[in-house]
Amino acid sequence: MNRNNMEAERIIRNNEYDMKAYEHINSHNKKLMYQRKFVQVPDRMLVKRMIYPKGNMITNHEHHCAHGDFVLKGTMHTNVGDFGPGDFVWFKEGYKMYHGATDEAVDVLYMTNKPLDMVYYDEPYSHESDDSNSAICLPKNSYDMKDFPHANSKTKKTLYQKFFVEDEETGATIKRIIYPAGCMIPWHTHTCNHGLYVLKGKLVTNVGDFGPGDFVWFKAGTQMYHGAEEEDVDVLFMSDSKVDINYL
């Protein structure tokens, strides 16, 4: 087995870029925001980091993709509620919405199940009749990761994983995982492209160690290992299709 040619498709370290270098003018309200694209899988998932400056609200619109926001900093205001650090909201395809920043800037990790587009609505739209099933809202304080233990099928060690989304159409999966200290997932592959965004601790992998705010994306079929060594690590995991695992 040749493990010398393995490489992650994308490694983005938090201290190696400045979000202020990624200016973007919203096409509808013409206001400045910042967005750093991490990954765009052709015909599939987009992952990017976005900062909405104070007062930048994206008004009534919809997408022909499902998409979600994991709040990193600040409070994101939406038609289904306000969300703070560690909260997650997922909007299903075709759902009319608004979201952005009001009294403070908000920093989010943004993920889709398919390529992104936007359709704006200039006319007033009432959200009073919104179908609550069209959005998945997971505030950080609504669950305890210790309630979601999972014994790794290879090592039998316990980790914790909370599924946020398993998309019916594409299989795209978003979940939060905590690897306790000493819990390493040994050499394996997946048939999906997938990434890990570190929320807390140090993620140890065959392509390097990653700290809070770092992001690593692995191509489908890449041979890898990852997990925690001396301290617990808390990550957001996202894949562009259904997750499987094949140990080497």
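Expressed to the nearest 0.5 Å, how far NZ of K162 lies from CD1 of I177 amounts to 13.5 Å. Within the model, atoms CZ of F164 and CE of M111 stand 8.5 Å from one another, a figure rounded to the nearest 0.5 Å. Distance check, rounded to the nearest 0.5 Å: NE2 of H188 to CD1 of I245 gives 4.0 Å. Distance CG/L196 to CG/L236: 9.0 Å, rounded to 0.5 Å. Interatomic distance, M97 CE to S134 OG, rounded to the nearest 0.5 Å: 9.0 Å. In this structure, NZ in K96 is found 11.5 Å from CG in N79, a value given to the nearest 0.5 Å.
D214 and N14 share no donor-acceptor pair across their side chains, judged by distance under 3.5 Å alone. For the residue pair N26 / N56, no side-chain donor-acceptor distance below 3.5 Å is found, with atom types taken as modelled. Using modelled atom types, one finds a donor on one side chain and an acceptor on the other under 3.5 Å when comparing Y121 with E62.
Of all the heavy atoms in D167 and V165, the pair that sits closest is N-CG1, 3.8 Å. Minimum heavy-atom separation, P85 to K140: O-CD, 3.9 Å. Minimum heavy-atom separation, A181 to A228: CA-CB, 4.1 Å. For L159 against P180, the heavy-atom pair with the smallest separation is CA-CD, 3.8 Å. Residue G208 comes nearest to T205 through the heavy atom pair O-OG1, 2.8 Å, listed as atom of the first residue, atom of the second, then distance. The nearest pair of heavy atoms linking P149 to T158 is CB-CG2, 4.0 Å.
Between the side chain of N60 and the main chain of Y98, no donor-acceptor pair closer than 3.5 Å is present. Here the side chain of N29 pairs a donor or acceptor atom with the backbone of M57 at under 3.5 angstrom. Between the side chain of T112 and the backbone N or O of L46, at least one donor-acceptor pair lies under 3.5 Å. At distances below 3.5 Å, at least one donor-acceptor pair connects side-chain atoms of D244 with backbone N or O atoms of T191.
Between F237 and H190, the two ring planes are perpendicular [angle over 60°; tilted spans 30° to 60°]. Between Y197 and F38, the two ring planes are parallel [angle under 30°; tilted spans 30° to 60°]. Ring geometry for W90 versus F88: interplanar angle under 30°, hence parallel rather than tilted (30 to 60°).
A 4.5 Å side-chain heavy-atom check between V80 and V89 finds at least one atom pair inside the cut-off. Contact check for T59 versus H28: side-chain heavy atoms found under the 4.5 Å cut-off. Side-chain atoms of P186 and T155, non-hydrogen and from C-beta on, do get closer than 4.5 Å to each other. Looking at heavy atoms from C-beta onward, Y22 lies out of side-chain contact with M50 at the 4.5 angstrom threshold. R49 is not listed as a side-chain neighbour of Q35, based on a closest heavy-atom distance of 4.5 Å or more. Proximity of H194 to V243: side-chain heavy atoms (C-beta onward) are nowhere separated by under 4.5 Å. Contact annotation: the side chain of V198 approaches that of V233 to within less than 4.5 Å [non-hydrogen atoms, C-beta and beyond]. Counting heavy atoms from C-beta outward, W187 and N206 have side chains that approach closer than 4.5 Å.
The ring pair (Phe, Tyr, Trp, His ring centres under 6.0 Å) search around Y160 returns none, not counting sequence neighbours. With sequence neighbours left out, Y179 forms a ring pair (Phe, Tyr, Trp, His ring centres under 6.0 Å) with H226. Not counting sequence neighbours, the partners of T75 by the side chain to side chain donor-acceptor pair (under 3.5 Å) test are E104. Applying the side chain to side chain donor-acceptor pair (under 3.5 Å) rule to Y52 yields the partners H99; only residues at least two apart in sequence or on another chain are considered. Not counting sequence neighbours, the partners of E93 by the salt bridge (Lys or Arg N to Asp or Glu O under 4.0 Å) test are K114. For F163, there are no ring pair (Phe, Tyr, Trp, His ring centres under 6.0 Å) partners at least two apart in sequence or on another chain. Residues satisfying the ring pair (Phe, Tyr, Trp, His ring centres under 6.0 Å) criterion with Y34, sequence neighbours excluded, are absent altogether. With sequence neighbours left out, the salt bridge (Lys or Arg N to Asp or Glu O under 4.0 Å) criterion links E229 to no other residue. For K73, the side chain to side chain contact (heavy atoms under 4.5 Å, CB included) partners two or more places apart in sequence, or in a different chain, are D107. For Y143, the side chain to side chain donor-acceptor pair (under 3.5 Å) test picks out R176, with sequence neighbours left out. Scanning for side chain to side chain donor-acceptor pair (under 3.5 Å) contacts around H67 gives an empty result, with sequence neighbours left out.
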Decide side chain to side chain contact (heavy atoms under 4.5 Å, CB included) for L199 and V235; before the verdict, give the C-alpha distance in whole Å, the side-chain angles of both, and the deciding distance to 0.1 Å.
CA-CA 5 Å; L199 302 171; V235 302; 5.7 Å; no
Determine whether V47 and Y110 satisfy the following criterion, side chain to side chain contact (heavy atoms under 4.5 Å, CB included), listing intermediate values before the conclusion.
CA-CA 6 Å; V47 181; Y110 182 100; over 6 Å; no
Go through it in stages, so that I can follow the logic: the residues are L32 and H24, the test is side chain to side chain contact (heavy atoms under 4.5 Å, CB included), and I'd like the CA-CA distance, side-chain angles, deciding distance and then a yes or no.
CA-CA 6 Å; L32 174 68; H24 173 76; over 6 Å; no
When you look at N152 and Y247, which way does the side chain to side chain donor-acceptor pair (under 3.5 Å) test go after all the steps?
CA-CA 11 Å; N152 178 262; Y247 291 103; 2.8 Å; yes
Begin from the C-alpha positions of Y225 and M184 and carry the test side chain to side chain contact (heavy atoms under 4.5 Å, CB included) through to its verdict.
CA-CA 7 Å; Y225 64 78; M184 289 293 299; 3.4 Å; yes
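Residue pairs meeting the salt bridge (charged side-chain N to carboxylate O under 4.0 Å, His left out) criterion with at least one member in residues 19-48, sequence neighbours excluded: R44-D240.
K175 NZ: more than 12 foreign heavy atoms inside a 6.0 Å radius.
When each of M238, K219, R10 is checked for a side-chain contact (heavy atoms from CB on, under 4.5 Å) with N193, only K219 meets the rule.
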